[in-house]
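Quick notes on the structure that follows.
Order of the sequence lines sets the chain letters (A, B, ...), proteins ahead of strands, with each chain counted from 1.
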2 protein chains.
Amino acid sequence: MRSYGQYCSIARALDVVGDRWTLLIVRELLLQGPCRFTDLKNGLPGVAANLLSARLKELEAAGLITREDAPPPVATALYTLSETGLALEPVLRALGLWGLRFMAVERPDDAFRAQWLAYGPAWFTTDVDPDAPPAVIQLVASDESAVIELRDGQVHTRLGRATDPDLILDGPPRAVLGLLSGMLDLQRAGQLGLSVRGRRDLLTRLRPVTQDRAHTQDEVRQ
Amino acid sequence: MRSYGQYCSIARALDVVGDRWTLLIVRELLLQGPCRFTDLKNGLPGVAANLLSARLKELEAAGLITREDAPPPVATALYTLSETGLALEPVLRALGLWGLRFMAVERPDDAFRAQWLAYGPAWFTTDVDPDAPPAVIQLVASDESAVIELRDGQVHTRLGRATDPDLILDGPPRAVLGLLSGMLDLQRAGQLGLSVRGRRDLLTRLRPVTQDRAHTQDEVRQ
DNA sequence: CCGTATCCGAGCCGATACTG
DNA sequence: CAGTATCGGCTCGGATACGG
């Protein structure tokens with residue numbers, strides 16, 4: 001990418017990760033862990049193979065990822081986030097939290113993946129009642145499924161199915177994520193096709209993180 | 001910008017602010033407050049007028065800024081961040097904090113502005129001794145100047161000159177910002193041309209924010 | 001199967017010139 | 001001052017083909 005030519009840490013950051021697809025590649029590596037080329041391609045529907053290949057080279061050159069030849073059983077290259085790449089997590093969290101406001105409309109041809117179902121609750125909700133007993137919530141949306149585990153006051157998530165969940169949320173992505181992010185209440189989510197089975201009371205334990213007002217406006221200004 | 005076509009809040013956010021220059025326009029509006037076209041152009045060295053014009057239209061259409069005709073004395077359009085636009089502050093903070101690591105090398109032709117000198121201390125340092133008496137630090141770098149005010153446990157900054165600062169830091173941007181961000185110690189900053197006059201002890205009151213390790217890696221993954 | 005290389009049309013970007 | 005118009009060049013996206 002062409003440099004902005006500004007001695008400013010925001011501009012410098014964008015010099016490195018401002019290119020199209022770059023931050024989404026980091027997203028996948030953060031959510032999936034070390035990936036093969038094909039894992040990334042699957043997690044990035046719409047990316048062209050040549051572009052992905054080019055970006056991976058750039059990211060490696062910039063020190064955000066390392067490329068290693070996996071041990072014999074796999075025998076293929078693995079892309080792994082470096083310390084510098086991992087440090088982008090707060091950026092992706094902030095961006096994802098801000099982007100929630102644009103999730104209200106679901107476009108018919110949008111792609112959807114289980115890992116995008118999973119990071120929302122983990123990053124953007126907290127357990128209101130940390131001392132309550134552990135609980136498991138099964139999420140299902142568009143054939144993709146993930147599990148929320150409430151334990152030790154933390155909201156963990158993982159992909160796949162739970163054996164005996166306390167609560168099952170099943171419906172279109174917009175309904176499931178809208179409910180969990182606090183943009184929809186149970187009634188509205190139901191209208192959008194959400195099915196809720198099991199202990200509804202668990203929903204009150206999940207509090208969506210609220211974005212705090214900005215307050216810089218009159219701070220830096222002359 | 002072409003949509004990524006993914007039902008993911010990060011991708012949605014990038015659909016809106018992923019275009020080149022867009023986040024830097026938001027940066028200027030956040031740091032400067034409501035701006036005229038020319039204020040933005042000055043704060044964004046390198047941007048082409050047509051591109052700035054196009055971005056402002058897109059940002060207005062997306063609801064991040066409003067364009068108002070200023071009252072008679074000014075008689076020109078003013079661009080102002082909306083609530084949605086202001087809410088990007090955490091994203092720019094996270095990006096700017098991450099980008100600090102790339103500030104070690106100063107490229108000869110990089111542009112520099114006083115507001116970029118000011119936001120660093122305000123966003124990325126804290127006052128270690130909140131009960132100590134107020135103090136004023138004058139920053140000067142590349143003909144641009146800003147003032148740090150330590151008061152009530154907060155680190156405020158503003159552009160321009162202070163009348164009677166307790167401490168004056170003067171030198172190349174890299175030396176001033178490097179010292180304040182904790183990337184350089186006093187000795188190294190001095191070698192890079194930093195001049196320090198006044199109460200050096202105030203420097204120990206400013207603690208650079210440290211970025212905490214990411215810990216999602218094994219959280220969302222199956 | 002994994003990843004790279006090449007080609008091409010469409011659209012975005014950047015520089016300059018121009019207008020009210 | 002506040003933009004608009006134009007145009008060359010580059011990047012992107014998609015397809016295809018190639019080498020390990």
Look at the side-chain N and O atoms of [X] and state whether any lies under 4.0 Å from the OP1 or OP2 oxygen of [N].
X       : N      : result
A/Thr38 : C/dC2  : yes
B/Thr76 : D/dC1  : no
B/Arg20 : D/dC12 : no
A/Arg36 : C/dC2  : yes
A/Trp21 : D/dT11 : no
B/Tyr79 : D/dG3  : yes

Q: Check the pair B/Ile137, B/Val147 against side-chain contact (heavy atoms from CB on, under 4.5 Å), reporting the backbone distance first and the verdict last.
A: CA-CA 6 Å; B/Ile137 304 175; B/Val147 179; over 6 Å; no
Q) B/Val176 and B/Leu194: side-chain contact (heavy atoms from CB on, under 4.5 Å), yes or no, with the steps? A) CA-CA 7 Å; B/Val176 178; B/Leu194 184 73; 3.6 Å; yes
Please report, rounded to the nearest Å, how far the [atom2] atom of [N] is from the [atom1] atom of [X].
X       : N      : atom1 : atom2 : result
B/Leu44 : C/dG14 : CG    : C1'   : 15 Å
A/Phe37 : C/dC1  : CZ    : C1'   : 12 Å
B/Leu40 : D/dC1  : CG    : P     : 14 Å
A/Leu56 : C/dC2  : CG    : P     : 15 Å
A/Leu51 : D/dT16 : CG    : C1'   : 17 Å
A/Leu52 : C/dT6  : CG    : P     : 18 Å
B/Tyr4  : D/dG13 : OH    : C1'   : 12 Å

Before accepting this row, confirm whether a basic side-chain N of the pair [X]/[Y] lies closer than 4.0 Å to the acidic partner's carboxylate O.
X        : Y        : answer
A/Asp15  : B/Arg107 : yes
A/Arg113 : A/Asp143 : no
B/Glu60  : B/Lys57  : no

Q) Taking the inter-plane angle between the rings of A/Phe112 and B/Tyr7 on a 0 to 90° scale, is it parallel (under 30°), tilted (30 to 60°) or perpendicular (over 60°)? A) tilted
Q | Whether B/Trp98 and B/Phe102 hold their rings parallel, tilted or perpendicular, with breakpoints at 30° and 60° | A | perpendicular
Q.
Between A/Lys57 and B/Gly46, which residue's closest nucleotide on DNA chain C lies nearer the 5′ terminus?
A.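 First, find each residue's nearest nucleotide; the 5'-ward one identifies A/Lys57.
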Q: Under 4.0 Å between any heavy atoms, over every strand shown, what does A/Lys41 touch: base, sugar-phosphate, or nothing? Just pick one.
A: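 Nothing, no nucleic acid heavy atom in range.
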Q: Sequence neighbours left out, what passes salt bridge (Lys or Arg N to Asp or Glu O under 4.0 Å) with B/Asp39? Give chain and number order.
A: B/Arg36
Q: Flag yes if more than 12 heavy atoms outside A/Arg151 fall under 6.0 Å of its CZ atom; otherwise flag no.
A: yes
Contact list (N/O, under 3.5 angstrom) for nucleotides 7-12 of chain C vs protein:
none

Q) Is it the case that B/Tyr119 and A/Ser9 place a side-chain donor and acceptor less than 3.5 Å from each other? A)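 Per modelled atom types, B/Tyr119 and A/Ser9 side chains form a pair under 3.5 Å.
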Q: Please work out which residues in residues 6-16 of chain A have a non-hydrogen atom less than 4.0 Å from an atom of DNA chain D and list them by number.
A: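 The answer is none.
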